[in-house]
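Here the structure comes first, spelled out in structure tokens, and everything after it is commentary.
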Amino acid sequence: MINGDTGPRSVLVHYHLYKNGGTSIEKLLRDAFGKQWTSWDKEEPGARICGADLEAWLARHPRIRALSSHQIVPPAPRGNLHVVPVVFLREPLLRVRSAWRFEWQKQPGLDKPKGSLAAYIEEKFKAHNISVIANFQVSRLGNKHYDDTRPRLHRYNEELLTSACEFIDTLPFVGLVERFSASLELMQAACREPFPGLVVREHRENVLEASDESVEQRLDRLRREIGNDLFDELTLRNRLDLQLYGHAKGRFGALHEQWRRAACENVRDVA
């Protein structure tokens, strides 16, 4: 059981973005918080949960200290709460391979994907307005309306990018799947005061393909596998997500450098 400070209720809110390491984070939270953690999604596929709805839900569940959801969108819930949002982003083009393996292999219970990665991408591109491989992260993090989640902007609208970047800038930390261990260090630091008993332990759940290659090497392999034309189309359809990821990388780098310096100073003080 995690006990926080008296006063405003501290709640960790995990924005479980599809194929962004969320199952590993859920395992971490379930182990750390026990019955004070839960997951909540509405029954309707594709539904979204706004900040006002989540605030009301938390008021009805006062024992919950950590929540994971695939459907929650910014802004974070308000009220008499100290909310610690947990958001992990992933290199947008590399997300595609993970989504392919999950949807065309794991979900149907197959030994290998039912079709090629190129075929999966082409099938997804038939849906013009809804796609898990086209500006998905911007579309999930670009909402600005506290009591409404109805899409008001197309997923290729630049305003979504602006809103998503502004949301990232409000976070106590931002995680990157490609820097998972270092991201957990930042998560531990962000949770130290509101959840003093929390120990952030690394888990690797639902990992369908491990690789020791660099991001650049994996992107080169992706281009060779699906061909230049489809790779360029995939890049175009993720233009805003790529910019969001670049913005998050910059914020992650600055926060991790601050954490590293603080850790070094603490070591010197102890010595």
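Remember, it's a predicted structure, so these values are computed and weren't measured experimentally.
Residue Leu160 holds its CG atom at 10.5 Å from NZ of Lys144, rounded to the nearest 0.5 Å. Taking CD1 of Ile64 as the start and CZ of Arg9 as the end, the distance is 7.5 Å to the nearest 0.5 Å. In this structure, CG in Leu198 is found 5.5 Å from CD in Gln188, a value given to the nearest 0.5 Å. The structure places CG of Leu58 at 12.0 Å from CG of Asn80, a figure rounded to the nearest 0.5 Å. One distance of note links OG of Ser139 with CG of Asp241; it measures 7.0 Å at 0.5 Å rounding. Note that the CG atom of Leu67 and the CD atom of Gln36 stand 13.0 Å from one another [nearest 0.5 Å].
Listed for the Arg65 side chain is no donor-acceptor partner under 3.5 Å among the backbone atoms of Phe33. Using a distance-only test at 3.5 Å, with no hydrogens or angles considered, no donor-acceptor pair links the side chain of Ser39 to the main chain of Ser68. Side-chain atoms of Glu44 never come within 3.5 Å of backbone atoms of Ala47 as a donor-acceptor pair (strictly under, hydrogens ignored). Side chain of Gln71 to main chain of Lys42: a donor-acceptor pair is present (N/O by atom type, distance under 3.5 Å, no hydrogens or angles). In this structure, the side chain of Glu202 does not engage the main chain of Leu28 through any donor-acceptor pair within 3.5 Å. In this structure, the side chain of Arg90 does not engage the main chain of Gly21 through any donor-acceptor pair within 3.5 Å. Remark: side-chain polar atoms of Ser98 are not paired, donor with acceptor, to backbone N or O of Lys19 under 3.5 angstrom. When atom types are taken as modelled, the side chain of Asp147 and the backbone of Ala52 share no donor-acceptor pair closer than 3.5 angstrom. Remark: the backbone N or O of His70 is paired with a side-chain donor or acceptor of Arg140 at under 3.5 angstrom. Of the possible donor and acceptor atoms, one in the side chain of Asn238 sits under 3.5 Å from a partner among the backbone N and O of Leu234.
Shown here are the side chain to side chain donor-acceptor pair (under 3.5 Å) partners of Asn20, two or more places apart in sequence or in another chain: Arg95, Gln137. Looking at residues two or more places apart in sequence or on another chain, you find no salt bridge (charged side-chain N to carboxylate O under 4.0 Å, His left out) involving Asp220. Qualifying side chain to side chain contact (heavy atoms under 4.5 Å, CB included) partners for Ala134, counting only residues two or more places apart in sequence or in other chains: Ser131, Arg155, Tyr156, Arg237. Partners of Phe252 under the ring-ring contact (aromatic ring centres under 6.0 Å, His included) rule, at least two apart in sequence or in another chain, are His256. Not counting sequence neighbours, Trp259 has no partner by the side chain to side chain donor-acceptor pair (under 3.5 Å) test. With sequence neighbours excluded, no residue satisfies side chain to side chain contact (heavy atoms under 4.5 Å, CB included) with Glu43. By the side chain to side chain contact (heavy atoms under 4.5 Å, CB included) test, Pro74 is found to be paired with Tyr15, Leu141, Phe167, residues two or more places apart in sequence or in another chain being considered. Partners of Arg260 under the salt bridge (charged side-chain N to carboxylate O under 4.0 Å, His left out) rule, at least two apart in sequence or in another chain, are Glu257. Legend: residues meeting side chain to side chain donor-acceptor pair (under 3.5 Å) with Glu158, ordered by chain and number and at least two apart, are Arg239. The side chain to side chain contact (heavy atoms under 4.5 Å, CB included) test applied to Gln107 returns Phe102, Glu103, not counting sequence neighbours. Glu26 pairs by the side chain to side chain donor-acceptor pair (under 3.5 Å) definition with His16, not counting sequence neighbours.
Nearest heavy atoms, Gly22 versus His14: O-CE1, 3.4 Å. Closest approach of Trp104 to Leu110, counting heavy atoms only: O-CD1, 3.6 Å. The shortest non-hydrogen separation linking Phe180 to Ser24 is CZ-CB, 3.9 Å. In plain terms, the two heavy atoms of Ser69 and Ile49 that are nearest each other are OG-CD1, 3.8 Å. For the pair Phe88 and Leu17, the tightest heavy-atom approach, listed with the atom from each and the gap, is O-CD1, 3.8 Å. Residues Leu240 and Leu161 approach most closely at O-CD1, 3.5 Å, considering heavy atoms.
The pair Glu91-Arg218 does not meet the salt-bridge criterion, since no charged nitrogen lies less than 4.0 angstrom from a carboxylate oxygen. Salt-bridge check for Arg223 with Asp232: passed, with a basic side-chain N closer than 4.0 Å to an acidic carboxylate O.
Within a 6.0 Å sphere centred on CD of Glu159, heavy atoms belonging to other residues, nucleotides or ligands number 12 at most.
The residue from Thr23, Leu29, Asp31 that alone fulfils the side chain to side chain contact (heavy atoms under 4.5 Å, CB included) condition with His203 is Asp31. Considering Leu186, Val86, Ile168 in turn, Ile168 is the only one that fulfils the side chain to side chain contact (heavy atoms under 4.5 Å, CB included) rule with Val174.
Residue pairs meeting the side chain to side chain donor-acceptor pair (under 3.5 Å) criterion with at least one member in residues 163-177, sequence neighbours excluded: Asp169-His247.
Between Leu89 and Val87, some side-chain heavy-atom pair lies under the 4.5 Å cut-off.
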